[in-house]
Amino acid sequence: MANNIIDVRNISFKYGDANKNAINDLSFSIDEGEWVSIIGKNGSGKTTLINLLDGLIKSNNGDIIVDGLKISNKNLDNIRDKIGIVFQNPANQFVASTVKEDVAFGLENRQYDISKMHKIVDNSLKEVDMLKYKDSNPTKLSGGQQQRVALAGVIAILPKIIILDESTSMLDPKAKKIIINLINKLRIKNKLTVLSITHDMNEILYSDRVLLLKDGNLIKNISPLKLFNELDDVENYGLEIPFSEKLRLQLKKNGFNVGNNYINEEEIVKWITQYYSKM
Amino acid sequence: MDNSVLFKNVIYKYQMNTPFQHTALNNINLKIKAGSFVSIVGKTGSGKSTLVKHINALLKPNSGTINVGNFTINSKTNNKNLKKLRRKVGMVFQFPEQQLFANTVKEDIAFGPLNFGYEEDKIPDIVEHVSKIVGIDKDLLNKSPFDLSGGQQRRVAIADVLATNPEILILDEPTAGLDPEGKKFIMNLINDLNKYQNITIILVSHQMDDVAKYSDEVIVMQDGNLVKQCYPDELFANTNLLKKYDLQMPVSVKINSMLNERGFKLNDLHLDEDELINAIINKLKEC
């Protein structure tokens, strides 16, 4: 059986003078190597949850255990070495004037030996196919390239967990695909666990599991294929229903037997044309 | 007065007379009718943003002219005389919330009109009016814009621009980074501004589904050239054109062409997703 890498036990969190919890008695666990999507509307608690996992804020109740370590002030540095976060807007994250210096920033912070640093930076940039840009100014790169540099900075510190905080939401569809494929490749190669906050259905479909949050509560812990079938008010959760799924649900409503699981565009087109040719 | 936008032989080069010189706009001719909803599409780097920056003279052409109503912009246009033009042409940049700066939402919205010399006693009405249009609650007006959610900040940034009462509104990727609900809200808002307030909309977007759904006309840019200006149906009905210009197919077009290839032929092209679903179901029910 796979190892448990994140264990969240009955955590709650309330912001300052708010009148209700932003996170409300949340419990779940994630296995090493899993890809889990966290979904929910703005204000559902997704970002608060990430901040709790990274120890940026402290829960009022409950425990969070990351790779065997319970989060506390004492071991925050240890925990943060295990977690790398790629944020939504890469332009806000760059600190250096060249790509290589930017990737090295996390290593410098952790006081890596300079002689090793060059090699780590080069390797990380190679992994994301950005080595030839190592002397470029990061602000001159396209959004997709910037996110690849941000990802290189994250993998340079060899995290066990990568958190994607809407990392692809600003990218065009092509760049999105490149990033997601890249992360999946790295996940398999380095046995990474991926936790992704997203509204993007293609990204959700990559995941093994989906955690659906609403008002700080965990509403569903479910396979992405079952998601739309089990929610009749999907739009209330800040999700865009893919067209193939809209079509499947409407066909079902009209008495056609299209099954209960998510099917993609290819599959639904095949279903329709087969049904039609049998008539 | 007619507020059409007219480009005549517009050429713009970045970093002129340096080894990095790069032609961003290559002899552009176009007309955007007053009151229309026009989308500008094309790959990253094709010249879309450069093009729209010429409409309020943020960039001036190296050669050629741009007419916006009775304004003429050319290489010699003086920056001093642009206030009226900038009032007429509102510009919502990418991630406009990054430009919020005031202590309160109210002050942020009031900044533009004050800057353009509106009388101070008229400001509260303007703030109330535009915040209502963009769906910002009254009780948010005294809050810091930085305490709002991303979606709310985007709306305030649009209110900032609307506050100066533009007749032409340019929006560069206005829904990027928003959740589906926020996207829908912004697109409906833009559409309402066009349909009910007769504001000309010039939308720069990669979201072909939105472009197909809302625009009266589409302008396609490729490598600094205007390669096509047409009705959305003409562009989206032609999958070869979409491939040629490296444009994402709207999902309705994609499904339609996949069905077509497998012998399931619908009579009409339905760009609207719900219409397409109905057409498919009706055809299946017939058999």
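Residue numbers start from 1 in every chain, and the chains themselves are labelled A, B, ... in the order their sequence lines are given, proteins ahead of strands. Side-chain atoms are counted along with the backbone in the values below, which use heavy atoms only and exclude waters and symmetry mates.
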Checklist entry - Has B:Lys283 got its NZ or CZ under 6.0 Å from the middle of the six-membered ring of B:Phe264, at an angle within 45 degrees of the ring axis? => result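 B:Lys283 over B:Phe264 ring: yes.
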Next on the checklist: Tell me whether B:Arg155 forms a cation-pi arrangement with B:Phe185, defined as NZ or CZ under 6.0 Å from the six-membered ring centre and within 45 degrees of its axis.
Outcome noted: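 Positive - B:Arg155 is close enough to the ring of B:Phe185 and near enough to its axis.
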Checklist entry - Do the side-chain N and O atoms of A:Ser277 and A:Gln274 include a donor-acceptor pair separated by under 3.5 angstrom? => result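 No, no side-chain donor-acceptor contact under 3.5 Å.
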Checklist entry - So what's closer than 4.5 Å to chain A heavy atoms on B:Asn256: side chain, backbone, both or neither? => result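 It is neither, since no heavy atom gets under 4.5 Å.
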Item to check | Toward chain A, the part of B:Ser149 with a non-hydrogen atom under 4.5 Å | outcome: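 For B:Ser149, no heavy atom lies under 4.5 Å from chain A.
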Heavy-atom cut-off 4.5 Å, strictly under: side chain, backbone, both or neither for [X] against chain B?
{"X": "A:Lys174", "value": "side chain"}
{"X": "A:Gln250", "value": "both"}
{"X": "A:Gln88", "value": "side chain"}

Next on the checklist: So if I apply the side chain to side chain donor-acceptor pair (under 3.5 Å) rule between A:Tyr206 and each of A:Thr198, A:Asn181, A:Asp200, which one comes out positive?
Outcome noted: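 Testing A:Tyr206 for a side chain to side chain donor-acceptor pair (under 3.5 Å) against A:Thr198, A:Asn181, A:Asp200 leaves exactly one candidate, A:Asn181.
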Next on the checklist: Angle between ring planes, A:Phe256 versus A:Trp271, binned at 30° and 60°: parallel, tilted or perpendicular?
Outcome noted: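 Ring orientation of A:Phe256 relative to A:Trp271: perpendicular.
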Could you have a look at [options] and say which one has the most heavy-atom pairs with chain A under 4.5 angstrom?
{"options": "B:Asp274, B:Leu178, B:Ile281", "result": "B:Ile281"}
{"options": "B:Gln207, B:Gln248, B:His206", "result": "B:Gln248"}
{"options": "B:Gln94, B:Glu173, B:Lys254", "result": "B:Lys254"}

Checklist entry - Charged N to carboxylate O under 4.0 angstrom, A:Lys134 versus A:Glu101? => result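 Salt bridge absent between A:Lys134 and A:Glu101.
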